[in-house]
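A short worksheet on the structure shown next.
In each ligand, atom 1 is the first atom listed, and ligand 1 is the first ligand listed. Note that the numbering runs from 1 along the sequence shown for the chain.
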Amino acid sequence: MGSVRSDNNYDVIIAGGGMVGSSLALALEPLGLSVAIVEPVARTSMSQPSFDDRSTALSRSTQRMFEAMGLWHEIVAAATPISSIHVSDKGRFGFSHIDAEEQGVEALGYVVINRVLGGVLQAALENVATLDFFCPARIVAASCGSETVMVTTADDHGKSGNLTCKLLVAADGANSSVREMLGITAKQVAYGQRAIIGNVLTEKPLNNCAYERFTADGPLALLPVVDERAGFVWTVSEQDADRVLGLDDQAFLAEMQQSFGYRLGSFSKVGKRASYPLALSKALRLTAQRAVLVGNAAHGLHPVAAQGFNLGLRDVAALCDCIADTLHESGSIADIGNAELLARYAQWRSSDQKKLVGFTDGIVRLFSSSRAPVRLLRDVGMLGFDLVPGVRSLFAKHTMGLAGHLPRLSRGVPLS
Ligand SMILES: Cc1cc2nc3c(=O)[nH]c(=O)nc-3n(C[C@H](O)[C@H](O)[C@H](O)COP(=O)(O)OP(=O)(O)OC[C@H]3O[C@@H](n4cnc5c(N)ncnc54)[C@H](O)[C@@H]3O)c2cc1C
């Protein structure tokens, strides 16, 4: 890739080329802005932390966005549709069921392996003529002024350089160091749980159904993935995580089976496992002078509702809308990152983020409590969920990412 800006002066600099940062660079392409991504992990590395072996459930709003960006046909070719969701509570009667047909959609969402999605995004980035990739390199300092932001980068050999931009976007994940450089504090609360991921063969087919089972230690989700296998996200307590990860295949399968039960028959052939400590993080502000936060840098969620990436993409869509409108109204690139744009972005995103943070945190706490009044609330909640008209539809709408005022890309409308 040649250098777009020999003077290292860009319209937008994105810190982090993970799932959200890469998607932002691609979404901005139609606006013709010069963009730089700064990413510490080599793009070809198998250890890229964002594009790993997790399976991610993509919501309808994410599907529409990738459609509008012209990437969906490649993603869907490697994805599995979710036609229903089955939610149950271990040791209690009853379950809830959400169905695509009942909601009037062809699928509630699609499951894709992060590594595959990463491959599609990275191949597309190669063709963006207005993009420079500084990789491997990390941002080590940022200084925000009224006209520009100056960032200092350092590569693995300690070689440093300076870049300037009109708008700095922090997409460097839940432990964002750029957020810290911008002087933005994040509230972080550890759940005392770890998510173990991998895939497994089930005796009965999932038939495109996603299962979520709540247990005393946390939820266990089984997602339909390609080759008739199920991708699992099994939440275990932090104290027990090392022991569970150390189990041999047979013992691991037996314990997971015990948690899930036999609704899908016997489990066999478990693949490689990896684990993620779970915490809630929420930035106290979404903007600083000529800078914004997107994705996990703004909000890190428990994976229980499979919404973190989907929410991050709605940040991206809203930011692109704000930038496109500013360019349309003033025609001046200097206005990207002005105070009005930042205020509009922050106001637009805060409600969606607040709702989903509250929603996922609420589910985790509700279902992990064994206190009798909470258990009663849970039973009533499950009943209400199934019986009160409209509640299930509203839940489905949130799951599909279709609630609230959606930006153009999330509605499937291209930016150009
Ligand atoms: C087990 C599990 C299952 C999940 N399942 C789902 C799901 O089904 N659906 C869903 O929507 N979400 C899901 N999520 C959430 C989703 O994975 C995250 O929301 C998403 O990966 C966030 O992407 P990001 O690009 O914001 O951050 P990250 O993926 O953390 O990427 C950050 C990037 O920034 C880079 N970086 C770090 N420091 C610097 C620096 N100083 N300068 C520049 N770059 C830097 C990193 O190398 C990385 O590439 C799940 C999460 C977990 C843990």
Pull out every atom of ligand 1 sitting under 4.0 Å from any heavy atom of [X], numbered as shown with elements.
{"X": "G16", "answer": "34 (O), 35 (C), 43 (C), 44 (N)"}
{"X": "F309", "answer": "10 (C), 11 (O), 12 (N), 15 (C), 16 (C), 19 (O)"}
{"X": "G295", "answer": "26 (O)"}
{"X": "V20", "answer": "23 (O), 24 (P), 25 (O), 26 (O)"}
{"X": "V38", "answer": "43 (C), 44 (N)"}
{"X": "V41", "answer": "47 (O)"}
{"X": "A306", "answer": "7 (C), 8 (O), 9 (N), 10 (C), 11 (O)"}

When you look for heavy atoms under 4.0 Å from ligand 1, do you find them on the side chain of [X], its backbone, both, or neither?
{"X": "P49", "answer": "side chain"}
{"X": "I197", "answer": "side chain"}
{"X": "P303", "answer": "side chain"}
{"X": "D172", "answer": "both"}

Against R273, only a single residue in D248, D53, D249 fulfils salt bridge (charged side-chain N to carboxylate O under 4.0 Å, His left out); can you say which?
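In the set D248, D53, D249, the residue that makes a salt bridge (charged side-chain N to carboxylate O under 4.0 Å, His left out) with R273 is D249.
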State whether any protein heavy atom lies less than 4.0 Å from atom 14 (N) of ligand 1.
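It does not: no protein heavy atom is found less than 4.0 Å away from atom 14 (N) of ligand 1.
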For [atom], grab the closest protein heavy atom and report residue, atom and distance to one decimal in Å.
{"atom": "atom 45 (C) of ligand 1", "answer": "P40 CD, 3.3 Å"}
{"atom": "atom 20 (C) of ligand 1", "answer": "N296 OD1, 4.1 Å"}
{"atom": "atom 47 (O) of ligand 1", "answer": "E39 OE2, 2.7 Å"}
{"atom": "atom 5 (N) of ligand 1", "answer": "S55 O, 4.1 Å"}
{"atom": "atom 42 (N) of ligand 1", "answer": "I139 N, 3.4 Å"}
{"atom": "atom 30 (O) of ligand 1", "answer": "G173 CA, 3.5 Å"}
{"atom": "atom 53 (C) of ligand 1", "answer": "R54 NH1, 3.5 Å"}
{"atom": "atom 29 (O) of ligand 1", "answer": "S50 OG, 2.5 Å"}

Counting heavy atoms not belonging to Q347, are there more than 12 under 6.0 Å from its CD?
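For Q347, atom CD is not crowded (no more than 12 foreign heavy atoms under 6.0 Å).
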More than 12 non-hydrogen atoms from neighbouring residues, nucleotides or ligands closer than 6.0 Å to CD on E180, yes or no?
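Result for CD/E180: open.
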Between T56 and N114, is there a donor-acceptor pair closer than 3.5 Å when you use the side chain of the first and the backbone of the second?
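Side chain of T56 to backbone of N114, a donor-acceptor pair under 3.5 Å: no, none is there.
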Cut-off 3.5 Å, side chains only: do [X] and [Y] have a donor facing an acceptor?
{"X": "H299", "Y": "D315", "result": "yes"}
{"X": "Y191", "Y": "D361", "result": "yes"}
{"X": "Y110", "Y": "N208", "result": "no"}

Assess whether a salt bridge exists between [X] and [Y], defined as any Lys/Arg side-chain N lying under 4.0 Å from an Asp/Glu carboxylate O.
{"X": "E67", "Y": "R411", "answer": "no"}
{"X": "D325", "Y": "R344", "answer": "yes"}
{"X": "R243", "Y": "E255", "answer": "yes"}
{"X": "R408", "Y": "D321", "answer": "yes"}

Can you sort out the partners of K204 under salt bridge (Lys or Arg N to Asp or Glu O under 4.0 Å), two or more places apart, ordered by chain and number?
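With neighbours one apart ignored, the set is empty.
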For the OG1 atom of T326 and the CG atom of L167, what is their distance to the nearest 0.5 Å?
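Atom-to-atom, T326:OG1 and L167:CG are 10.0 Å apart.
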Test log, rule ring pair (Phe, Tyr, Trp, His ring centres under 6.0 Å), inputs F232 and F260:
CA-CA 11 Å; F232 61 80; F260 188 79; over 10 Å; no
Do any nitrogen or oxygen atoms of N114 lie less than 3.5 angstrom from nitrogen or oxygen atoms of ligand 1?
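Looking only at distances, the answer is no, because the N/O contact criterion of under 3.5 Å is not met.
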Return yes or no for this condition: an N or O of A57 is under 3.5 Å from an N or O of ligand 1.
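Among all N and O atoms of A57, at least one is under 3.5 Å from an N or O of ligand 1.
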Should one rank A298, A171, A297 by closest heavy-atom distance to atom 33 (C) of ligand 1, which comes out on top?
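Among A298, A171, A297, the closest heavy atom to atom 33 (C) of ligand 1 comes from A171.
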Run the contact test for S177 against ligand 1 with a 4.0 Å cut-off on heavy atoms, strictly below, and give the result.
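Yes; S177 lies near enough to ligand 1 that a heavy-atom distance drops under 4.0 Å.
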